[in-house]
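Just so it is clear: chains get the letters A, B, ... in the order the sequence lines come, proteins before strands, and each one is counted from 1.
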Amino acid sequence: MTIFARISAALDGLLDDMVAAGELPAGLNHAAVTVEPPRDPSHGDMATNAAMVLAKPAGTNPRALAELIATRLRGLPEVESVDIAGPGFINMRLDRSAWEAELTLINERAGGYGRTDVGKGKRVNVEYVSANPTGPMHMGHCRGAVVGDALASLLAFSGYEVTREYYINDAGSQVQTLGQSVHLRYREALGEDIGEIPEGYYPGDYLIPIGQALAAEYGDKYVGVPDLVWLDLFRERAVAAMMDMIRADLALLGIHHDLFSSEAEMQKSGKVDAAIQRLTDMGLIYEGTLEQPKGEPADEDWAPVPMVLFRASQFGDDSDRPVKRPNGLYTYFGNDLAYHADKASRADELIDIWGADHAGTVKRIKAAVAALTQGKAKFDVKLVQMVRLLREGEPVKMSKRSGNFVTLADVVEEVGKDVVRFTMLTRKADAQMDFDFAKVVEASKDNPVFYVQYAHARIASLGRRVKEAFPGELPAADLSRFGAEELDLIKQMANFPRVVEGAANAHEPHRIAFYLYDLAAAFHGWWNLGNDQPERRVIVAGDIGLTASRLHLSAGIAQVIRNGLGLMGVAALEEMN
RNA sequence: GCGCCCGUAGCUCAGCUGGAUAGAGCACUCGCCUUCUAAGCGAGUGGUCGCAGGUUCGAAUCCUGCCGGGCGCGCCA
């Protein structure tokens, strides 16, 4: 057990003892009781709010209760001293042996340090990316891809059974247009001059090879015949090729989904009809007419049309929502609610990662999930804000014309997978962010990617250098030789499991990036002590024992950095170059 | 008109789901770095947490109403 888990468990047990001793009434809810490092380290190593939280339900006052708890805490072997401060905080100082033990634990657990079972094996489905299969991935998709992937890793590390899922939107009008665009390329491949790609079609060069392949396979069989004959074929081929391309783009980022779900297949399987039927049976589907939306430019073409609607407004949405169009086909929402019903049948918790431009549809899908699962499924829609690309401080112009939008593959090629992934996690998901090509590769402490990598590389360099100073075998680490700075570093490392747990619970993978930056800063500060004072370096000439001990500490730091970077999908570097 | 997100130091952002005196980097000021592990190091200045109420032992954090910025708002996805 990690140190925080031990103290927290001991506190729980001790509160039970107090109930047995008649010092506390039975049945108090401990959920709000926390054990955490105080913001101000001068207050001690750990603080608990137990007395303040429990005083009122226990019918006593915080200070008096704190005294009782403090007395018992003083009996714990790892607790050196306890005092009560402010409105009833209980501050603890731990014996140094507790921190020494934590470092040993870090090096023993190695890659498993920080892993917990808070997920208790619950099945969580994380759906992310789900870019339309109409072209290569561009930077607009990138952030959601990284956030979703890191969150999935975080949840897996926290004891959840995770499914990483991609929803292929292969049933709507956009993929019909894609099929028609490929048909143009097909005619082009047969020698026809198609001129400029008309407005409304996909102009990208990436469709050319698909047209060529179809031309090679079928010759002119599909020229001059109605699209009814060829559109399904062309669409399916195009979608398959686009998905191959998208999978390749994702692989560049180190992202591999467990499951790709097809909208079209789901529709064919009858699951959409079934889901709508279930809602109909619940009385939540009716035919009706919506009011005209109050958009700024009032739509002249608007006319009231009766449609099949879902009573989303009964579940917190602002309006009821159409599941079928007047032509009888399902809307995107109709398909999507069925898809979520399907996911809910396979998982205990659902998480969707969406671009912020879809914010307007969150309420309706939450309403649908609530209705379909009787409010039982945990469901979080995580919105990821836009990324503004900058080059030398100037926004990069994005155009839909082919060759002029920034693809994900281009960016990964230019700055590298690790830089892209780390940078995408240096801001919380719901804040907008700038991605400056120059800044993200800058080798300075202003750049968190570099700063964290550099800390790890510095530690890796010790392994190489120590052989020069001490060619023989090193003795076992003697942790009693640590001073206050070394113990402070361990205290910071000991926070890693708490940060992981918090990030997993809050679905906020960016917390790992900030934690690693802080840990790296603390390490660099420690390292810099050696600039002026050679005896404070890790490798101390003439003191093999101290060197061994500090190497052990450094190894622990490197381990925590690796574990954190691993969750982010970023490789730790052995050396900078 | 409505909904969602955001508003914290001059700038870019954290703030551990309600805790103690609100933090980091940049910028700025001062000192250090011609021999060491310096793609630099140390210290300092800088805040009505958009505004006004409310909830309670306690609010940047939760609630309500305003102000300002971004995104979105039927039969697209």
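Sorted by first and then second residue, the pairs that involve residues 522-536 of chain A and meet salt bridge (Lys or Arg N to Asp or Glu O under 4.0 Å), not counting sequence neighbours, are A/Glu485-A/Arg536. Among pairs with a residue in residues 450-460 of chain A, none fulfils salt bridge (Lys or Arg N to Asp or Glu O under 4.0 Å), at least two apart in sequence or across chains.
Spacing between B/U45 and B/A22 at atom P, rounded to whole Å, works out to 14 Å. Rounded to whole Å, the C1' atom of B/G31 lies 46 Å from the corresponding atom of B/A52. Comparing B/A9 with B/G47, their P atoms sit 10 Å apart, to the nearest whole Å.
Here A/Ile539 lies in heavy-atom contact (under 4.0 Å) with a base. Using a 4.0 Å heavy-atom cutoff across all strands shown, A/Val362 reaches no nucleic acid atom at all. Residue A/His358 is in base contact, counting any heavy-atom pair closer than 4.0 Å across all strands shown. The residue A/Tyr332 sits close to a base: some heavy atom pair falls under 4.0 Å. Counting any heavy atom pair closer than 4.0 Å across all strands shown, A/Thr361 reaches a base atom. Using a 4.0 Å heavy-atom cutoff across all strands shown, A/Ala356 reaches sugar-phosphate atoms only and no base atom. A/Pro448 comes within contact range of no nucleotide atom at all, as no heavy-atom separation falls under 4.0 Å. Residue contacts for A/Val305: at a heavy-atom cut-off of 4.0 Å it reaches a base atom on one of the strands shown. Within 4.0 Å of A/Met307, counting heavy atoms only, lie sugar-phosphate atoms of the nucleic acid but no base atom. A/Met433 comes within contact range of no nucleotide atom at all, as no heavy-atom separation falls under 4.0 Å. Within 4.0 Å (heavy atoms only), A/Tyr454 reaches at least one base atom of the nucleic acid.
Regarding A/Phe333, its CZ atom lies at a distance of 14 Å from the C1' atom of B/A77, rounded to whole Å. At whole-Å resolution of the value, CG in A/Leu329 and P in B/A77 are 9 Å apart. Put simply, CD on A/Glu442 is 14 Å from P on B/A39, counting in whole angstrom units. Between the P atom of B/C75 and the NZ atom of A/Lys324 lies a distance of 16 Å, rounded to the nearest Å. One interatomic measurement links the two molecules: CG of A/Asn49 to C1' of B/A20, which rounds to 12 Å at whole-angstrom precision. A/Leu390 places its CG atom 12 Å from the C1' atom of B/U12, with the value rounded to the nearest Å. Between A/Gln174 atom CD and B/C75 atom P there is a gap of 13 Å when expressed in whole angstrom units. Rounded to whole Å, atom C1' of B/C71 lies 14 Å from atom CZ of A/Arg143.
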Identify all pairs in which a protein N or O lies below 3.5 Å from an N or O of nucleotides 3-5 of chain B, and state each distance.
residue, atom, partner, partner atom, Å
B/G3, O3', A/Lys363, NZ, 2.9
B/C5, O2', A/Asp430, O, 3.0

Would you tabulate the pairs of protein nitrogen or oxygen atoms and nucleotide nitrogen or oxygen atoms of nucleotides 27-32 of chain B closer than 3.5 angstrom?
none

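We find that A/Arg550 and A/Glu486 are joined by a salt bridge, their nearest charged nitrogen and carboxylate oxygen being less than 4.0 Å apart. One finds a salt bridge joining A/Asp45 and A/Lys491 here, because a Lys/Arg side-chain nitrogen approaches an Asp/Glu carboxylate oxygen to under 4.0 Å. Taking 4.0 Å as the cut-off between side-chain N and carboxylate O, A/Lys343 and A/Asp336 do not count as a salt-bridged pair. By the 4.0 Å N-to-carboxylate-O rule, A/Asp436 lies too far from A/Arg391 to be salt-bridged with it. Taking a cutoff of 4.0 Å between a charged side-chain nitrogen and a carboxylate oxygen, A/Asp434 and A/Arg388 qualify as a salt bridge.
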| request: Would you give a per-nucleotide map of nucleotides 59-69 of chain B, 5' to 3', where B means the base has a protein non-hydrogen atom under 4.0 Å away, S means only the sugar-phosphate does, and - means neither? | output: -B---------

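Within residues 85-92 of chain A, the residues approached by RNA chain B to less than 4.0 Å at the level of any non-hydrogen atom are A/Ala85, A/Pro87, A/Phe89, A/Asn91, in residue-number order. For RNA chain B, the neighbouring residues in residues 53-66 of chain A, judged by any heavy atom under 4.0 Å, are A/Lys56.
For the atom pair CG (A/Asp342) and OH (A/Tyr167), the distance works out to 9.5 Å, reported to the nearest 0.5 Å. Summarising the geometry, atom CG belonging to A/Leu94 is positioned 5.0 Å from atom CD1 belonging to A/Ile3; distances are rounded to the nearest 0.5 Å.
Between the side chain of A/Asp543 and the backbone N or O of A/Leu546, at least one donor-acceptor pair lies under 3.5 Å. With hydrogens and angles ignored, the 3.5 Å screen pairs no side-chain donor or acceptor of A/Glu442 with any backbone N or O of A/Asn447. Side-chain N or O atoms of A/Tyr166 include one that pairs as donor or acceptor with a backbone N or O of A/Ala131 at under 3.5 Å. Proximity of a side-chain donor or acceptor of A/Gln453 to a complementary backbone N or O of A/Leu573 within less than 3.5 Å is detected.
The ring pair (Phe, Tyr, Trp, His ring centres under 6.0 Å) check on A/His456 picks up nothing, with sequence neighbours excluded. Legend: residues meeting ring pair (Phe, Tyr, Trp, His ring centres under 6.0 Å) with A/Tyr286, ordered by chain and number and at least two apart, are absent.
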| If pairs are Watson-Crick or G-U with both distances under 3.5 Å, what is the dot-bracket string of RNA chain B, marking crossing pairs with [ ] and pairs to another strand with |? | (((((((..((((.....[...)))).(((((.......))))).....(((((..]....))))))))))))....

Exercise answer: donor-acceptor pairs, residues 173-181 of chain A side-chain atoms, under 3.5 Å, sequence neighbours excluded:
residue, atom, partner, partner atom, Å
A/Gln174, OE1, A/Asn132, ND2, 2.9
A/Thr177, OG1, A/Ser173, O, 3.1
A/Gln180, NE2, A/Asp227, OD2, 3.2
A/Ser181, OG, A/Thr177, O, 2.8
A/Ser181, OG, A/Tyr202, N, 2.9

Donor-acceptor contacts, no H, no angles, side chain residues 504-514 of chain A, under 3.5 Å, sequence neighbours left out:
residue, atom, partner, partner atom, Å
A/Asn505, ND2, A/Glu501, O, 3.4
A/His507, ND1, A/Asp380, OD2, 2.8
A/Glu508, OE1, A/Arg511, NE, 2.9
A/Glu508, OE1, A/Arg511, NH2, 3.0
A/Arg511, NH1, A/Gly502, O, 3.4

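Side-chain proximity of A/Arg427 to B/C75, B/A20, B/C13: nearest is B/C13. Comparing B/G15, B/A77, B/A24 by their nearest atom to the side chain of A/Arg511 picks out B/G15. Out of B/A20, B/A24, B/C75, the shortest distance to the side chain of A/Tyr517 is found at B/A24.
Below 30°, between 30° and 60°, or above 60°: for A/Tyr451 and A/His524 the angle between ring planes is between 30° and 60°, a tilted geometry.
Here A/His524 does not reach the OP1 or OP2 of B/A24: none of its side-chain N or O atoms lies under 4.0 Å away.
Between the side chains of A/Tyr454 and A/Glu575, no donor N or O sits under 3.5 Å from an acceptor N or O.
B/U61: glycosidic angle beyond 90° from 0, hence anti.
Side-chain rings of A/Phe435 and A/Phe437 approach one another, their centers coming within less than 6.0 Å.
The side-chain heavy atoms of A/Asp430 and A/Leu383, taken from C-beta on, include no pair separated by under 4.5 Å.
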